[in-house]
Amino acid sequence: MPIPRIVGQWNKVGLNRVTKRIAPWMPGLGVVVHRGRRSGSVYQTPVNVFAAKDGYVLALTYGPDTDWVKNVLAREAASCARADASSA
């Protein structure tokens with residue numbers, strides 16, 4: 001069950017600004033680096049990251065209708081920064 005959207009909005013303007021700086025070094029976290037689908041601006045979004053057999057699985061904590069998911073799908077490109085490796 002996704003976290004309510006209002007919590008995501010609060011995190012986007014507040015907590016994510018701090019979390020994205022420490023997430024690459026925290027177990028279970030990483031930062032997705034992606035471009036805006038309309039603006040082309042570069043964004044960094046902290047996410048829950050889990051190791052998988054063929055790479056990583058990113059948790060859609062707020063569901064599939066978040067900006068970062070839409071951006072990644074629209075551009076078909078992103079990278080994920082983690083302390084143990086950076087994946088493209």
Side-chain angles (χ1 to χ4, degrees):
M1 181 169 140
I3 294 173
R5 189 137 182 93
I6 189 69
V7 175
Q9 291 171 342
W10 292 336
N11 281 343
K12 190 174 181 179
V13 298
L15 187 60
N16 283 1
R17 293 176 190 223
V18 174
T19 307
K20 72 181 176 187
R21 299 187 195 297
I22 61 170
W25 295 276
M26 299 294 293
L29 294 177
V31 175
V32 172
V33 181
H34 55 96
R35 288 196 174 271
R37 59 194 177 279
R38 288 176 267 185
S39 68
S41 298
V42 176
Y43 295 100
Q44 297 179 10
T45 304
V47 294
N48 293 96
V49 181
F50 304 95
K53 184 178 180 181
D54 296 329
Y56 295 98
V57 175
L58 306 180
L60 301 182
T61 311
Y62 301 104
D65 292 327
T66 58
D67 288 332
W68 78 264
V69 174
K70 291 177 183 178
N71 290 341
V72 170
L73 293 175
R75 295 232 173 213
E76 297 181 353
S79 62
C80 183
R82 290 182 37 95
D84 61 353
S86 289
S87 302

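All residue numbers in this chain count up from 1 along the given sequence. Just so we're clear, the structure is a prediction, and the values are computed from it rather than from any experiment.
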A.B. asks: Closest approach of Gly30 and Val49, non-hydrogen atoms and distance?
C.D. replies: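 For Gly30 and Val49, the tightest heavy-atom pair comes out as N-CG2, 3.7 Å.
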
A.B. asks: For residues Val32 and Ala78, report the shortest heavy-atom separation together with the two atoms involved.
C.D. replies: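 Val32 and Ala78 have their closest heavy atoms at CG1-CB, 4.1 Å.
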
A.B. asks: Would you say that more than 12 heavy atoms from the other residues, nucleotides or ligands in this model lie under 6.0 Å from the CZ of Arg37, or not?
C.D. replies: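 Counting other residues, nucleotides and ligands, CZ of Arg37 exceeds 12 neighbours.
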
A.B. asks: What heavy-atom pair brings Ala23 and Val31 nearest, and what distance separates the two atoms?
C.D. replies: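 Reported closest heavy-atom pair: CB-CG2, 3.8 Å.
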
A.B. asks: Val72 and Val33: same hydrophobic cluster, using ILVMFWY side-chain contacts below 4.5 Å?
C.D. replies: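 Val72 and Val33: separate clusters.
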
A.B. asks: With side-chain contact (heavy atoms from CB on, under 4.5 Å) as the test, would you mind laying out the steps for Arg75 and His34 before giving the verdict?
C.D. replies: CA-CA 8 Å; Arg75 295 232 173 213; His34 55 96; over 6 Å; no

A.B. asks: If you measure from OG1 on Thr45 to OH on Tyr62, what distance do you get to the nearest 0.5 Å?
C.D. replies: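 It comes to 11.0 Å.
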
A.B. asks: Arg35 versus Asn71: any side-chain heavy-atom pair under 4.5 Å?
C.D. replies: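 No - every pair of side-chain heavy atoms lies 4.5 Å or more apart.
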
A.B. asks: Compare all side-chain heavy atoms of Thr61 with those of Asn48 and state whether any distance is below 4.5 angstrom.
C.D. replies: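 SC-SC contact between Thr61 and Asn48 confirmed.
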
A.B. asks: Do Leu29 and Val57 belong together in a cluster built from hydrophobic side chains that touch within less than 4.5 Å?
C.D. replies: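 No, it is not one cluster - the side chains of Leu29 and Val57 are not joined through contacts under 4.5 Å.
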
A.B. asks: Compare all side-chain heavy atoms of Tyr43 with those of Asp67 and state whether any distance is below 4.5 angstrom.
C.D. replies: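 Counting from C-beta outward, Tyr43 and Asp67 never come under 4.5 Å.
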
A.B. asks: Can you find a heavy atom in the side chain of Trp68 that is under 4.5 Å from one in the side chain of Leu58?
C.D. replies: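 They are in side-chain contact.
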
